[in-house]
Amino acid sequence: MQTSLINPFGLHDADGYMWLKGNLHTHTTNSDGRVAPQARLDQYAAKGYDFLCLSDHDMITRVDTVCAPDNFVLVQGAELHPLNPFGGRQYHLLCLDIHEDMDSEAMAPQEVIDSVNDQGGAVWLAHPHFCAINILRDVMPLTGFAGIEVFNTSTRLAGRGEASVQWDDWSDLGGHLVPTIANDDAHATEAENRDTYAAWTVVRAKERSVAAIMQAIKSGASYATTGPDFHDISLSWIQDGTEAPGKFKATIRSSEALRVLAVTDYIGAEYTEQGKMFDRCELELRADNKWVRFELIGPNDTKAWSNPFDLALVQAT
Ligand SMILES: [Zn+2]
Ligand SMILES: [Zn+2]
């Protein structure tokens, strides 16, 4: 297995780390959004967000055309749409921290990904469930993605908001664990209350800067959520020295939860207290599991997704 992701809960306040909340996928009147760039930014800042990307379709909404409050981090990006030569639908690529516009529809998907990476940016596969992206057919022929958008508020309205199956397929097929983000993909006005303030990514970073936030999401030092919060995730390998086979133990601390799911490469586990809320739980995982990620189900159909953990590393420590 290639690079492992970082456990954000192993990064401590004492070392200067803080949690920052952001939405990295937003449209404005520069493309098909219904709110002007400055107003969109002001609204997210007023809601307590720490960072935002105004990711218009096929054009970069320049960060120097708006004015962000002190300490607010504006990531420059765009949603680019190369055609799909493999038989699937057109890609929606959320390209973050980019600086050069490109005519992505006239470019092959690999060319777009390479160009973004060459600029120092990162490409996230946006709402693959909504686009009917098949990981084996449409993603495995490509290299250079940063990760996947597991949840998208706007495409939830079409019944295809969550892409956890695509995410798991990618981790199984791609030879490495894939980090995730969740976003609103806001198009509507606040008053329409359709696709604003309902999904975000929480990152563990030392600085309020584009570089620190980009590094956190690419390395897995983050989680995605529509409401609940993870407070700690710890994993250990237990072998008591007898003939008994070893096992993995996971301890999760969180905001009030109704259910925690350990989703693994093969047969996961569930923790519940029969409808009672809890904020701490322990789960046991099979010794032959290769990776695990956690889903935290909170009240009112809310959910949080941890990034996946490489269990071979847990066993080795
Ligand atoms: Zn899109
Ligand atoms: Zn979009």
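Order of appearance sets the numbers: ligands from 1, and atoms from 1 within every ligand. Fair warning: this is a prediction, and the values are worked out from it, not measured in the lab.
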**Prompt:** Do His81 and Glu105 have side-chain N/O donor and acceptor atoms under 3.5 Å apart?
**Reply:**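 No, Glu105 and His81 have no side-chain donor paired with an acceptor closer than 3.5 Å.
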**Prompt:** Looking only at side chains, do Tyr223 and Asp229 share a donor and an acceptor under 3.5 Å apart?
**Reply:**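 Short answer, yes.
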**Asked** Going from CG on Leu80 to CE on Met59, what distance comes out if it is rounded to the nearest 0.5 angstrom?
**Response**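 If we round to the nearest 0.5 Å, Leu80:CG and Met59:CE are 11.5 Å apart.
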**Message:** One thing to verify: whether Asp13 and Arg204 come together as a salt bridge, which I'm taking to mean a side-chain N less than 4.0 angstrom from a carboxylate O.
**Reply:**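 Yes, charged N to carboxylate O under 4.0 Å.
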**Asked** Charged N to carboxylate O under 4.0 angstrom, Asp64 versus Arg62?
**Response**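 Result for this pair is no, no salt bridge flagged.
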**Prompt:** Do Leu41 and Val75 belong to the same hydrophobic cluster, where Ile, Leu, Val, Met, Phe, Trp and Tyr are linked whenever their side-chain heavy atoms lie under 4.5 Å apart, directly or via other members?
**Reply:**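 Cluster IDs for Leu41 and Val75 differ.
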**Prompt:** So which protein N/O/S atoms does the Zn ion (ligand 1) have within less than 2.8 Å?
**Reply:**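 Protein N/O/S atoms under 2.8 Å of the Zn ion (ligand 1): Glu79 OE2, His92 ND1, His127 NE2.
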